[in-house]
Structures are given as C-alpha cells and as structure tokens.
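Below, each value reflects all heavy atoms present in this structure, side chains not excepted, and no hydrogens, waters or symmetry copies. Chain letters run A, B, ... following the sequence lines, proteins first and then strands; every chain starts at 1.
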Number of protein chains: 2
Amino acid sequence: MTASQEQKLGAADIAALVRREISKGNLQLHDRLPPERVLAETYGAARGTVRKALTRLEEEGFVEIRAGSGTYVVHQPDGSTANAIENATPLELMDTRFALEPHICRLAVLHGRHNDFDRMEALCTRMEECVDDPVGFSEADTEFHRAIVDSTRNGLLIWIIDQIGNVRSADDWTRMRHLTLDAQTIRTYNVQHRQILNAIRTREPERAANVMKEHLETARLSLTRASET
Amino acid sequence: MTASQEQKLGAADIAALVRREISKGNLQLHDRLPPERVLAETYGAARGTVRKALTRLEEEGFVEIRAGSGTYVVHQPDGSTANAIENATPLELMDTRFALEPHICRLAVLHGRHNDFDRMEALCTRMEECVDDPVGFSEADTEFHRAIVDSTRNGLLIWIIDQIGNVRSADDWTRMRHLTLDAQTIRTYNVQHRQILNAIRTREPERAANVMKEHLETARLSLTRASET
DNA sequence: GCTCCATAAACCAATATTATACCAAAAAAT
DNA sequence: ATTTTTTGGTATAATATTGGTTTATGGAGC
C-alpha cells in the first residue's frame with residue numbers, strides 16, 4: 001500500500017500520492033504542480049508513468065492539464081464546514097461537548113477574570129428567571145457556555161464552540177431539545193450552572209471540570225429520554 | 001511542500017503566493033501592494049509575469065488594478081474559518097488538543113474496531129522506522145492521531161481534528177516543531193504511542209485517556225523548551 | 001510465446017517568460 | 001499651474017519551459 005522506502009512507484013501509487021497532497025491542503029486550488037519531468041524525478045519514476053497518473057487525476061476531476069503551461073489543481077477538498085456540522089447527530093454533539101467543556105472549565109479557572117465571572121453570574125440570574133420560558137432559557141444557556149469558553153482567551157476553542165453552537169440551533173434539533181425542557185429540568189440545570197460558576201470562581205479546576213461533566217450527563221439523560229418518546 | 005523552493009516562479013505561483021498573503025491577513029483590505037516592478041524583483045521574475053499574476057487575481061476579485069496608481073486589495077478573507085485557525089498560537093493548539101484527545105481515546109475504546117487498530121498499528125511501526133526522519137515521522141504522527149479519531153465514528157470530532165490538522169501544517173509552525181524532534185524525543189513519542197494503542201485495544205478507557213494526557217504533556221514540554229531557545 | 005507496464009530518449013507544438021522600449025494615467029513636487 | 005516622478009498599460013521578438021507524442025527497450029507475470 002504505502003510504499004515507505006525505495007519501492008518502485010506505479011502510476012496508481014503516484015496518483016494516490018498526489019490526490020492525497022490535494023486533500024491534505026499541501027496543494028491548494030489553482031496551484032500549479034511541478035512539471036512532469038520534476039515529478040518524475042522526485043517520485044523516482046519515468047515521465048510516462050507520472051503522465052499516466054496525472055491523466056487519471058484529470059479524469060477524476062482533481063487537476064486540469066494545460067499543454068505548454070502546466071498542471072493545475074481544480075478541486076476544493078470538501079472544506080464544506082456546513083456539511084460536517086449540519087449532519088452531526090445529537091449524540092455526536094454530546095460526545096464532542098463531553099470532550100471539550102470539562103477541560104474548558106479547567107482553562108477558565110486558569111485564565112478567567114472578574115468581569116468574565118460577572119457575565120456568567122448575570123446569565124445565571126437570567127436563566128433562573130426563565131424557569132417557564134424554555135426558549136429564553138435556551139438562549140441564555142448557549143450564551144453561558146459561550147461565556148465560559150470566552151474566558152479561556154483561547155481563540156481556537158472559542159471558534160470551535162461557536163461552530164458547535166450552529167448545530168445546537170439547527171431546526172429539528174432545537175425542537176427536540178425544547179421537549180426536554182420542562183420546568184423541573186431547567187431548575188436542575190440552574191443549580192448545576194451555579195455550581196460550575198462557583199467552582200471556577202474559587203479556582204478549583206478539577207471540581208469545575210467534574211461539575212461540568214455531571215451537567216452534561218444530566219443533559220445527555222434528558223436527551224436520550226426524549227428520543228425514546 | 002509546495003513547489004516553491006529555489007525554482008523559478010511562474011505567474012500561477014506568484015498569484016498563489018499573493019492570494020495567500022491576502023487570506024492570511026498580511027495584506028489587508030485596501031492595502032496597496034508594491035509596484036509591479038518591485039514585485040518582479042522580489043519574486044525574481046520579469047514584470048510581464050507579475051503582471052499576468054495580478055491580472056488573474058483581479059479577475060478572481062482579490063485585487064483591483066488602477067493605472068498610474070497601484071494595485072489594491074479588494075477582498076475580505078472569509079473571516080470565520082480561516083482566521084481563527086491561521087492565527088491560532090501553538091499554545092492555544094496544545095490546550096485544545098488537551099481538551100479533545102484524551103476523551104477521543106475514551107470514545108475510541110467504545111467504538112473502535114479491529115481494522116482501526118490495525119491501521120494504528122501500521123502507523124506505529126512506520127513511526128518507529130522514522131527515528132531519524134522528523135518530516136516522515138511528523139506526517140505519520142498526524143495520521144496516527146487522525147486514525148484514533150476516525151475510529152470514534154464521530155463525524156463532528158473528525159472534522160474538528162481535521163481543522164486542527166491544518167494548523168499543524170502551517171508554515172512557521174512546522175518549522176518550530178521540527179526543531180524539537182530529535183531522535184530521543186521521537187523515541188519517547190513512539191513508546192507513548194504504543195501505550196495509547198494498547199490501552200485502546202484492551203478496552204481500558206481511563207488508562208487510554210491518561211496515557212494520551214501524558215503524551216500531550218511531553219509534547220507541550222518539548223514545545224515550551226523549543227520556544228525558549 | 002504473449003501481454004502489460006515501466007523506462008528512456010528524442011522530438012513536436014503550445015504556452016510562458018524574459019528583456020526592452022515606449023505610452024498614458026495618476027500622484028507628487030515645484 | 002506646471003513639471004517631474006511614479007505607476008500601470010501595451011507591444012514585440014528571442015528564449016525557455018511544459019505538456020503531447022512516438023519509438024525502442026526491458027522486465028514481470030501468465
């Protein structure tokens with residue numbers, strides 16, 4: 001398969017390698033790949049072989065070969081953010097949150113500042129006023145988790161949570177969610193939110209992470225309960 | 001490894017370079033780029049070639065060429081995705097991996113199948129053959145972590161790790177990384193990779209997660225050590 | 001034997017690049 | 001205002017690069 005050492009590379013192998021470079025992003029859209037004669041040398045193959053590989057890639061729609069000019073990349077490696085996110089199932093989402101949010105709490109303990117905590121505090125009170133308003137609660141809830149990740153000052157994490165937030169607001173998905181949001185559940189969530197905030201405020205990373213885990217566990221339970229209905 | 005070493009740069013190459021400077025933010029909206037004659041010299045090409053590149057970029061809507069005045073940037077790089085990722089610092093990246101990968105190991109224990117493990121196994125051996133080849137090791141390493149997340153069958157997580165992989169392959173960032181990859185470090189990594197694989201194979205979620213944490217801790221250490229240089 | 005595939009070399013045709021010169025629009029200096 | 005400088009716009013002929021094609025050769029597997 002992957003000929004690691006100095007094996008002979010066939011046309012198919014070379015095609016695979018180049019195809020991979022493209023999906024990997026090393027070769028981007030509109031890039032011109034090296035001349036056939038150069039490729040031949042770097043892959044240790046004859047020009048004819050490289051040529052076969054490229055012709056095949058052209059048929060597959062990865063590249064475009066222009067005589068006298070060169071071979072160019074014509075393929076967006078399905079960067080469609082939308083797709084991976086739109087198609088995410090509620091369970092996939094829960095697993096992802098399980099991975100991210102407890103550790104985010106630890107980081108919030110490390111990097112959070114007073115005004116971050118004030119913002120969370122405000123959101124807690126707002127949620128407590130929404131015991132009978134699932135929609136309002138849901139908005140505040142999203143913002144609360146967003147506030148936590150904001151306090152980490154980690155742009156990458158913030159961006160990821162942001163993207164995930166787009167899933168949470170997907171249509172049928174929110175509908176499902178609201179089913180699970182009776183007053184009792186909201187009250188439980190509120191208690192947990194307070195616990196999370198306190199743990200972060202008192203700078204206890206592990207406790208913060210654990211409380212977040214419990215919180216997510218609760219959320220997962222009401223989810224699976226709802227989907228059994 | 002774009003074909004941009006000491007080769008002669010063609011119009012397409014120059015267009016690609018400028019396009020990237022724009023997406024990256026080094027050239028911002030309404031900035032004027034250097035005169036064609038200067039660009040020609042800096043890129044080591046004739047003016048006509050630079051000209052072709054710029055004309056093409058104008059057609060693509062990246063720049064606007066005004067006779068007698070100059071060439072100006074007219075393009076907002078799709079802020080959301082590219083920016084958060086391109087601008088991520090190594091430390092932000094480490095924190096993010098700390099959040100994700102241990103839990104991903106747990107999920108791999110739950111959902112992984114035999115052929116997943118076989119793939120990881122193959123990558124382990126490949127890495128062990130790369131003790132003196134940092135570049136080859138680095139590739140295999142990325143693919144190993146990718147294999148783990150693949151085995152979770154969680155499209156959302158796979159997508160996230162994929163995005164993060166793009167950071168890892170950013171230019172100056174890889175350069176920094178290779179500095180830290182002496183043979184000794186690679187050997188340490190290899191041991192840890194084996195431990196991770198074994199823990200997943202024997203279906204021990206917590207042990208898998210913990211070994212992954214250790215692994216990341218090691219990586220973070222060699223990173224901070226490198227940046228103090 | 002045969003076929004399939006890869007190699008190597010040579011040559012052709014399409015395109016790109018270079019180097020140079022000069023023009024026209026805009027900006028800057030006077 | 002006018003001149004000067006800078007900048008893009010255009011043209012051209014020589015040269016270099018690149019894909020396209022053909023041919024002859026050799027090896028691996030059937």
List the steps, then state whether side chain to side chain donor-acceptor pair (under 3.5 Å) holds for D141(B) with S138(B).
-> CA-CA 5 Å; D141(B) 178 62; S138(B) 202; 5.6 Å; no

Classify the side-chain pair T218(B)/Q192(B) by whether it contains a donor and acceptor separated by less than 3.5 Å.
->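 The criterion, which ignores hydrogens and geometry beyond distance, is satisfied for Q192(B) and T218(B).
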
Any side-chain donor-acceptor pair under 3.5 Å between N26(B) and E21(B)?
-> yes

Which ring pair (Phe, Tyr, Trp, His ring centres under 6.0 Å) pairs, counting each pair once, include a residue from residues 10-33 of chain B, with sequence neighbours left out?
-> none

Are there more than 12 heavy atoms of other residues, nucleotides or ligands under 6.0 Å from atom CD of Q28(B)?
-> no

Within a reach of under 6.0 Å around CD of E41(A), are more than 12 heavy atoms found that belong to other residues, nucleotides or ligands?
-> no

Taking only nitrogen or oxygen atoms into account, show me every contact under 3.5 Å that the protein makes with nucleotides 13-17 of chain C, one pair per line with its distance.
{"from": "dT17(C)", "atom 1": "OP1", "to": "A11(B)", "atom 2": "N", "distance (Å)": "2.8"}

Pairing residues for F144(A) by the ring pair (Phe, Tyr, Trp, His ring centres under 6.0 Å) criterion, not counting sequence neighbours |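 Testing F144(A) for ring pair (Phe, Tyr, Trp, His ring centres under 6.0 Å), a comparison that skips the adjacent residues, returns H193(A).
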
Contacts of type side chain to side chain contact (heavy atoms under 4.5 Å, CB included), residue E59(A), not counting sequence neighbours | T55(A)

So does R187(B) pair up with E128(B), basic N to acidic O under 4.0 Å?
->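 Salt bridge between R187(B) and E128(B), a charged N being under 4.0 Å from a carboxylate O: no.
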
R97(B) with E92(B): basic N within carboxylate O range, under 4.0 Å =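 Salt bridge: no.
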
Nearest whole Å is fine: how far is [N] [atom2] from [X] [atom1]?
X      : N       : atom1 : atom2 : result
L54(A) : dG20(D) : CG    : C1'   : 13 Å
L57(B) : dG8(D)  : CG    : C1'   : 16 Å
R47(B) : dC22(C) : CZ    : P     : 14 Å
R51(A) : dG20(D) : CZ    : P     : 4 Å
I14(A) : dT7(C)  : CD1   : C1'   : 12 Å
Y43(A) : dC5(C)  : OH    : P     : 21 Å

DNA chain C-proximal residues of residues 33-42 of chain B, any heavy atom under 4.0 Å | none

Return the stems involving DNA chain D, sorted by first number, where pairs are Watson-Crick (N1-N3 with N6-O4 or O6-N4) or G-U wobble (N1-O2 and O6-N3), both under 3.5 Å, and runs are 3 or more long.
->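 Runs of three or more consecutive pairs: C:1-30 with D:1-30.
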
For G48(A), which contact category applies under a 4.0 Å heavy-atom criterion: base, sugar-phosphate, or nothing?
-> nothing

Quick one: is T71(A) getting a side-chain N or O under 4.0 Å of the dT18(D) phosphate, OP1 or OP2?
-> no

Let me see the working for E64(A) and V73(A) under side chain to side chain contact (heavy atoms under 4.5 Å, CB included), right down to the final yes or no.
-> CA-CA 6 Å; E64(A) 178 187 336; V73(A) 177; over 6 Å; no

